[in-house]
Each structure stands twice: as C-alpha cells, then as structure tokens.
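See below for the structure under consideration.
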Amino acid sequence: QEGTRALLHNALILFLTALLHEDIAIVSAGFFVVERDMPLAIAFAAVYSGVLTSNFLLYGVGATARRLPWARRWLIGAKAEHVRQRLRERLVLTVALCRLTPGLWFPTFLGCGWLGVSFARFALITAVTALLYVPLMLVLVVMFGEIVRSA
C-alpha cells in the first residue's frame with residue numbers, strides 16, 4: 001500500500017515536471033529509476049504523458065489566442081502567411097528540431113496553434129517524435145546513472 005502510494009506520488013511528480021520542462025523530467029525519471037527503483041515503464045509513461053499534455057496545451061493556448069481580436073491583426077499579412085506555409089511544409093523537421101534544441105519548443109508549439117496548423121497533424125507528429133525522443137533519452141540517463149552509481 002505504502003509502496004504503491006509512493007510510486008504514484010513519484011509518477012505524478014514526473015508528469016507535472018514534464019509539463020514544465022521535458023528534459024528535466026527525463027533526468028528526474030532517470031533518478032527515480034536508478035535511485036528509487038521506479039519501474040522504467042512507469043517512469044516513461046509519466047514523462048511521455050506529461051510531455052504530450054504540455055505540447056497540446058501550448059498548441060491550445062496558441063489556437064485560443066488566434067481567436068482574440070487584437071491577435072488577429074498579427075495573423076494577417078505576407079510574413080504571417082509565409083511562416084504558416086513553412087510550418088505546414090516542414091512540420092516534421094520543425095517538431096523534431098524542437099526536441100533537440102532547448103527553448104525552441106515553447107514558441108514553436110504556441111505558434112503552430114496560433115497560425116492554424118492542423119491539430120491532428122500536429123498531434124500525430126508530436127506524439128511520434130516524443131515517442132522516439134523520450135525513451136531514448138531516458139534509457140541514456142538511466143545507463144549513465146547506473147555507471148555513476150557503480151563507480
């Protein structure tokens with residue numbers, strides 16, 4: 001009972017941390033796996049669900065801002081249309097680059113919602129790139145943690 005409660009508490013911490021910053025959540029998950037014996041699958045599920053929730057919330061904030069009258073004037077014009085078109089054409093590359101470049105995902109995912117990129121396409125690409133990135137980084141962090149712990 002107490003062990004289950006602690007596990008759920010740690011999973012919630014990882015989920016909430018992923019809402020704020022996915023890389024910090026991944027490092028924290030690695031710590032929980034190595035030092036607190038959290039199952040890797042639970043750590044992954046908590047971080048992955050937090051990452052997706054965060055990404056979808058950012059898109060939603062952008063989409064909501066698009067409906068505000070003062071924001072509409074920023075969405076009209078050649079520059080906005082150019083950015084919108086480039087995002088649509090290069091969404092896979094853009095989202096993948098956001099996973100690898102710190103600080104880039106926040107304005108990009110917000111911009112995807114604001115500029116009207118298809119949510120279905122955004123959600124699919126975001127889910128797939130996170131499904132590749134999160135477990136790869138988590139396994140690397142756990143392996144590094146195990147090496148450090150055994151040294």
Locate the shortest heavy-atom distance separating [X] from [Y]; write the atom from each residue and the value.
| X | Y | value |
| --- | --- | --- |
| Leu91 | Cys112 | CD1-SG, 3.8 Å |
| Pro107 | Gly103 | CD-O, 3.3 Å |
| Pro135 | Ala130 | CD-O, 3.6 Å |

Judged by atom type as modelled, is there a donor-acceptor pair below 3.5 Å linking the side chain of [X] to the main-chain atoms of [Y]?
| X | Y | value |
| --- | --- | --- |
| Ser54 | Gly50 | no |
| Tyr133 | Ala96 | no |
| Arg99 | Val95 | no |
| Arg66 | Leu115 | no |
| Thr17 | Ala25 | no |
| Thr129 | Thr126 | yes |

Parallel, tilted or perpendicular, judged at 30° and 60°: which one describes the rings of Tyr48 and Phe44?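 Because their plane-to-plane angle is under 30°, the rings of Tyr48 and Phe44 count as parallel.
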Measuring only between side-chain heavy atoms, which start at C-beta, is [X] closer than 4.5 Å to [Y]?
| X | Y | answer |
| --- | --- | --- |
| Glu22 | Val47 | no |
| Trp105 | Leu58 | yes |
| Thr53 | Phe15 | yes |
| Leu16 | Leu19 | yes |
| Glu146 | Met143 | no |
| Asn10 | Ile13 | yes |

In Å, rounded to the nearest 0.5 Å, how long is the span from [atom1] of [X] to [atom2] of [Y]?
| X | Y | atom1 | atom2 | result |
| --- | --- | --- | --- | --- |
| Phe122 | Tyr59 | CZ | OH | 7.5 Å |
| Met38 | Leu14 | CE | CG | 5.0 Å |
| Arg88 | Gln85 | CZ | CD | 6.5 Å |
| Met137 | Asp23 | CE | CG | 8.5 Å |
| Arg36 | His9 | CZ | NE2 | 8.5 Å |
| Ile42 | Leu8 | CD1 | CG | 8.0 Å |

Shared hydrophobic cluster, [X] / [Y] (ILVMFWY, side-chain heavy atoms < 4.5 Å):
| X | Y | answer |
| --- | --- | --- |
| Leu138 | Leu131 | yes |
| Leu52 | Leu132 | no |
| Leu136 | Leu93 | no |
| Val51 | Val128 | no |
| Leu104 | Val92 | no |

For Arg86, I'd like to know if atom CZ has over 12 heavy atoms of other residues, nucleotides or ligands within 6.0 Å.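 No, because the 6.0 Å sphere around CZ of Arg86 holds 12 heavy atoms or fewer from other groups.
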